[in-house]
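Contents: one structure, followed by commentary.
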Amino acid sequence: MIIRTVADLRAVARDWKAAGESIGVVPTMGALHDGHLSLARRARVECDRVVTTIFVNPKQFNNPEDLKQYPRNETADEVLLSTVPVDMIFAPSVDEVYPDGFITTVSMTGVAQPMEGHMRPGHFDGVATVVTKLFGMTLADRGYFGQKDWQQLQVVLRLVRDLNVPVEVVGCETIREADGLAMSSRNVRLTVAGRAKAPVLYAAISEAARDIRAGHADRMAIREAAETMRAAGFERVEYIELRDAETLMPSDDSRRTRRMLAAAWIDGVRLIDNIPV
Ligand code: AMP
């Protein structure tokens, strides 16, 4: 069932709630792959009803070219979701989500500021705003998010705490290709040569994490990872950071749970990844 309007979505969701059913929402921007489906499958197990949203949210794109080139394939998405299966696909238009007169932004500091927040100004305000809206629209009890976007997951966890949003946020493992590359809708934009080099991102940060656990200096291990990536043909390493896993503040305290996060460009495509340290 594909639903386009908030009114129709709400009518169905209200009936589910009235019947005492729990609702899980899986927010996506479409161009679905196994990573997205793993979230939907988890929701299927844990909730009575599953809604997958497909909405390429213009407010979270700081780069108009990236928005224009973002892959869209609703027909294929529908087929993939029927294998889970989900109860509803909510795929609204931009005007439905942001009608004339829309002026509210959920704006966050702290965990939303470094790394992706720094490289992509306005990105997390766009994410926080649309996630707040999707939670409100779907009457969701649980929201499913991928660890692939670790900083986004921390932003959403913080958001529901700060605004008392009655949604349980569930973080799901990153699904990878056989060679280690994290699945991403943007991977289809890679050239054959770029696709061949792309797994070096995960390999390099994995090696750095191993070295750090073995007692090597954080900085040295990170520098080596960046070198490995440049040598493999990445044209730009935007950041490789070792951070407190929750606050995302810089952390040299190896007793805390830490996360290594990275962003880099290969053949004109920006890739991100992260791993526990
Ligand atoms: P997106 O469509 O890229 O906005 O992603 C929608 C949701 O799927 C987000 O919560 C992502 O973190 C999650 N996701 C994307 N790729 C993966 C992956 N490879 N493994 C697990 N979750 C993912």
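Note that ligands are numbered from 1 as they come in the structure, with each ligand's atoms numbered from 1 the same way. The chain is numbered in sequence order, starting from 1. What you are looking at is a predicted structure, and each value in this text was computed from that prediction instead of being measured.
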Would R259 and E246 pass as an ion pair if we require N to O under 4.0 Å?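 Between E246 and R259 there is no salt bridge, as every charged N stays at least 4.0 Å from the carboxylate O atoms.
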Worksheet item: Does a side-chain N-to-carboxylate-O contact under 4.0 Å join D252 and R219?
Response: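 The answer is no: the pair does not qualify as a salt bridge.
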Distance filter under 4.0 Å, heavy atoms only, around ligand 1 gives P27, T28, M29, H33, G35, H36, L39, Y70, F145, G146, K148, D149, Q152, E173, T174, I175, M183
Show which side-chain atoms of residues 88-106 pair as donor or acceptor with protein atoms under 3.5 Å away, not counting sequence neighbours.
from	atom 1	to	atom 2	distance (Å)
S93	OG	E96	N	3.1
E96	OE2	V6	N	2.8
Y98	OH	N57	OD1	2.6

Check your understanding: Hey, are the side chains of R243 and S251 touching, using non-hydrogen atoms and a 4.5 Å cut-off?
Key -> no
Open item on the list: Test of understanding: with side-chain contact (heavy atoms from CB on, under 4.5 Å), list the residues that count as partners of D141, not counting sequence neighbours.
Closed with: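 Partners of D141 by the side-chain contact (heavy atoms from CB on, under 4.5 Å) criterion, ordered by chain and then number, come out as K17, S22, I23.
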Do any side-chain atoms of residues 194-207 form donor-acceptor pairs under 3.5 angstrom with protein atoms, and if so which ones, sequence neighbours left out?
from	atom 1	to	atom 2	distance (Å)
R195	NH1	D179	OD2	3.0
R195	NH2	D179	OD1	3.2
R195	NH2	D179	OD2	3.0
S206	OG	Y202	O	2.7

